[in-house]
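Every heavy atom of this structure was used, including side-chain atoms; hydrogens, water molecules and symmetry mates were not. Chain identifiers are assigned alphabetically (A, B, ...) following the order of the sequence lines, protein sequences preceding nucleic acid strands; residue numbering begins at 1 within each chain.
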Amino acid sequence: MTPSRLQLEHIVKSFPGVLAVQDVSLEAYPGEILALAGENGAGKSTLMNILSGSFPADSGKIWLDGVEVNITSPRRAQELGIAMIHQELALIPQMTVAQNIFLGREPRLAAGLLVDTKKMVIQAQALIDQLGLDFPVTALISDLSIAQRQMVEIAKAISFQSRVIILDEPTSALSERESDILFALMRSLREQGVTLIYISHRMEEIFNLSDRVAVMRDGQLVGVTPTKDLTIQTVVQMMVGRELKDFFPKKQAEIGDVILDARELRSGKRVRDVSFSLRRGEIVGLAGLVGSGRTEVARILFGADPLDHGEIKLAGRIVHLHSPEEAIRLGIGLVTEDRKAQGLFLGQSVRSNASVLLFEKLAQLGFILYSKVDAWMRGAVTQLTIRTPNLEQKVRNLSGGNQQKVIIARWLAVNPQVLILDEPTRGIDVASKAEIHTLMSELAAKGMAILMISSELPEILGVSDRILVMREGRLMAEFSRAEASQDRIMQAATGQLAAG
Amino acid sequence: MTTRAAQPRPEGVNWSVLLQRFGLALVYAALAVGLSLLSDRFLTVSNQVNIFRQATINGIVAVGMTLVILTAGIDLSVGSILALSAVITADLLKQGLPVPLGILLALGIGALMGMVNGLMITRGNIPPFIATLGMLTVGRGLTLMYTQGKPFTGLPDAFRFIGTASLGPVPMPIVVAVIVFVLAAIVLNRTRFGEYVYLIGDNPVAARLAGVNTRQMIVLVYMISGVCAALAGLILIARLDSAQPVIGAGYEFNAIAAVVVGGTSFSGGEGGLLGTLLGTILIETLNNGLNLLNVSPLWEQVVKGVVIALALLFYKAINPTRK
Ligand SMILES: Nc1ncnc2c1ncn2[C@@H]1O[C@H](COP(=O)(O)OP(=O)(O)OP(=O)(O)O)[C@@H](O)[C@H]1O
Ligand SMILES: [Mg+2]
């Protein structure tokens with residue numbers, strides 16, 4: 001057997017109130033893709049953060065190509081050839097793509113003081129071209145989509161000539177096409193002998209891509225197995241410690257009257273004459289490529305963005321939404337796609353984050369009734385299996401998936417008539433995902449209308465009663481649950497099918 | 001569905017949390033011990049009462065400033081608000097305006113000027129630094145115009161009690177300051193408004209999307225800051241028995257210093273009034289010590305500046321996630 005590239009021995013890491021990684025020993029080899037799976041909060045990101053120098057382990061040893069190394073900082077990790085693409089992107093929005101890629105090691109002009117911008121742009125462009133991407137390296141990060149930002153991170157990792165590249169849920173914000181580009185790239189890096197460690201909650205991807213799968217549960221390593229000896233069922237079973245059958249449980253709800261009716265919504269170039277309606281008890285999936293205008297439609301319905309033209313009727317009455325505050329009053333909710341920028345209060349407690357919408361209800365003369373808030377919170381934490389040592393924990397310290405659950409909890413608190421979910425299960429583990437889908441069915445059964453935006457076709461197909469497809473700001477197709485298929489949705493989304 | 005609590009951490013102390021919580025108290029204790037060794041007047045009752053009485057003015061201004069900074073804002077205009085409300089009130093009191101009305105008038109002027117700040121920021125989209133800098137200049141200009149450069153002295157005794165009377169052994173200004181701190185702490189920690197202040201400071205975009213009326217809240221915060229400044233002004237002129245046109249100049253610096261030394265982060269959403277209270281006392285003790293030790297007032301500025309810089313470095317060191 002080839003000597004290992006990377007060897008972790010007895011790694012332990014704890015945070016206040018949490019034993020995040022317990023005595024994990026793991027090996028990875030040159031030229032392999034090692035998948036790392038596990039439930040939300042299992043310790044995957046923590047383990048990889050240790051490897052990439054974000055923080056030190058409490059104890060344990062790390063060997064790289066047979067040499068024991070002491071990874072004291074992200075910079076040290078880079079020097080050793082370990083790059084990590086984080087779950088939460090870490091680019092600087094006010095800088096260009098090229099500046100971000102070469103941050104801190106820009107090519108210099110002869111004098112050594114000034115940055116050789118020309119050379120930097122050329123080198124960056126070469127990298128971007130190599131990845132088959134089509135945005136200029138002089139673009140500001142803030143002007144790129146999440147998917148494009150992701151690709152910049154990958155370009156940056158590659159530019160370090162890394163021996164080990166760690167990708168923490170890289171595809172959770174990517175469209176299928178972009179994911180495919182990424183996978184092709186990962187395979188070619190594997191050919192070149194790079195070790196790739198890949199964290200994902202998407203089982204199909206893990207099975208398509210990886211050579212071995214390491215599974216973590218409650219901070220411990222449950223096992224490492226060649227992928228060919230595994231099935232999705234066994235991996236999931238290792239993850240959750242029990243058997244899980246139904247991935248997209250769908251309970252049919254009684255479909256009632258039209259609750260929301262949108263007519264000819266128009267807003268800039270992103271939304272062009274979009275009309276559709278939602279009924280009580282109905283889950284409508286909104287599919288389309290990243291950038292097709294789905295998020296913009298959601299924001300209009302939520303009063304977050306202005307409407308140029310068109311009208312929205314709620315329960316038969318025309319409403320004019322000027323702010324999210326108004327929309328919420330009228331019973332419309334939105335789980336935003338970018339949880340870090342638009343959803344979370346990272347420095348605040350789990351309690352404040354999850355119950356912000358409740359403060360209005362559970363207050364007397366402006367005083368919050370914290371005992372009632374906490375009683376509700378404990379129920380929500382249990383219902384959604386939010387892993388947190390206590391309600392005071394800062395949301396920043398929760399794992400990515402658990403942060404997402406906190407936001408979902410926020411909306412359960414107010415039980416809106418119409419709930420719009422923009423990529424609601426991004427970063428959520430398979431078991432919790434099934435639970436959230438069950439929850440959606442239950443909410444629909446109680447009469448809620450749900451509009452779910454998702455880039456994951458199996459998810460769209462699994463939970464929707466009806467599916468809308470958008471392309472370039474327009475509604476291109478509508479399918480009933482029975483009619484819909486991956487192919488038909490993709491055709492409508494990419495424009496290879498006549499409108500209708 | 002089962003609940004799995006996160007694994008409890010087995011042992012160990014979290015030093016950074018401890019340091020953050022008690023660091024300031026430790027620094028204060030060290031300073032007090034040092035000063036009592038260097039000067040035998042430091043620990044006398046009268047000197048200590050003096051420190052606290054001095055601290056009340058800045059303390060009250062700093063309460064409003066804490067709220068403002070928690071929303072990731074800044075209020076540079078507190079000194080000018082204090083001045084304008086003080087001189088107008090002093091003038092009208094002298095002309096026979098009943099004391100309760102005079103107090104209400106001062107607070108009203110503070111609220112109004114704060115509201116203008118808030119509206120410039122939320123409706124005019126002017127950064128807080130610029131908006132309140134404008135108010136600083138305009139407020140001071142109006143004060144100079146109103147007074148024609150001359151002080152108002154000789155205020156009615158019925159008014160002066162808030163600066164000079166005592167409740168038992170406790171001077172009135174301290175009583176007022178304690179009430180302000182307690183009220184503000186209750187509002188900040190127990191009410192919806194208080195929660196929203198933290199949420200807006202942490203992430204204004206998310207706050208809006210969670211239905212918080214961010215504009216209204218921010219206007220309210222600057223109004224409170226204005227009212228606090230005006231209240232501090234009342235106590236000050238009651239004590240001095242005079243309202244000078246330059247009264248309150250530079251007070252924004254002391255208030256910001258107290259808030260920042262107290263651990264409230266400029267980037268918003270982090271900190272609170274307990275820290276501000278300690279910060280105020282710490283800074284006033286430092287002032288007092290420098291006085292007792294006959295340090296030149298020129299050095300005082302330098303020392304204070306260094307203390308603030310050290311405090312910022314300290315908070316950054318124990319909490320690297322801080323911006
Ligand atoms: N900085 C921190 N402070 C306190 N607790 C933390 C911190 N970082 C992580 N944790 C805790 O450690 C545990 C493991 O978190 P980690 O982020 O490694 O999970 P994960 O497996 O990556 O989950 P996900 O799939 O949701 O991303 C969680 O319980 C989390 O709350
Ligand atoms: Mg993670």
Looking only at heavy atoms, the pair that brings B:Ala206 and A:Gly343 closest together is CB-O, 3.6 Å
CD of A:Gln348 to CD of B:Glu270, rounded to nearest 0.5 Å, is 8.5 Å
| Is there a side-chain contact between A:Glu325 and B:Val212, using heavy atoms and a 4.5 Å cut-off? | no
Interface check, chain B: of A:Ala363, A:Gly303, A:Gly347, most non-hydrogen pairs under 4.5 Å belong to A:Gly347
dist A:Leu358:CG -> B:Arg192:CZ (nearest 0.5 Å) comes out at 12.0 Å
Output for pair (B:Glu195 CD, A:Ser349 OG), nearest 0.5 Å, gives 6.5 Å
Hey, does the side chain of A:Gln342 reach the backbone of B:Val205 with a donor-acceptor pair shorter than 3.5 angstrom? no
Bottom line for A:Gln364: the part with an atom under 4.5 Å from chain B's heavy atoms is neither
In this structure, CG of B:Asn189 is separated from OH of A:Tyr370 (nearest 0.5 Å) by 7.5 Å
Between the OH atom in B:Tyr196 and the OG atom in A:Ser352, the distance rounded to the nearest 0.5 Å is 11.0 Å
So, the part of A:Leu344 with a heavy atom under 4.5 Å from chain B: the answer is backbone
Bottom line for A:Arg410: the part with an atom under 4.5 Å from chain B's heavy atoms is side chain
Whatever's closer than 4.5 Å to a heavy atom in chain B on A:Arg329 counts as neither
field: Expected output: side-chain B:Arg190 to main-chain A:Gly366 donor-acceptor under 3.5 Å
entry: no
All heavy atoms of A:Ile328 vs all of B:Leu209, minimum pair found to be CD1-O, 4.2 Å
Interatomic distance, CZ@A:Phe359 vs OG1@B:Thr191, rounded to 0.5 Å, equals 10.0 Å
Has B:Asn203 got a side-chain atom pairing as donor or acceptor with A:Ala341's backbone, closer than 3.5 angstrom? yes
Counting only heavy atoms not in A:Glu442, do more than 12 sit closer than 6.0 Å to its CD atom? yes
Nearest heavy-atom contact between B:Ala210 and A:Phe345 is CB-CZ, 4.5 Å
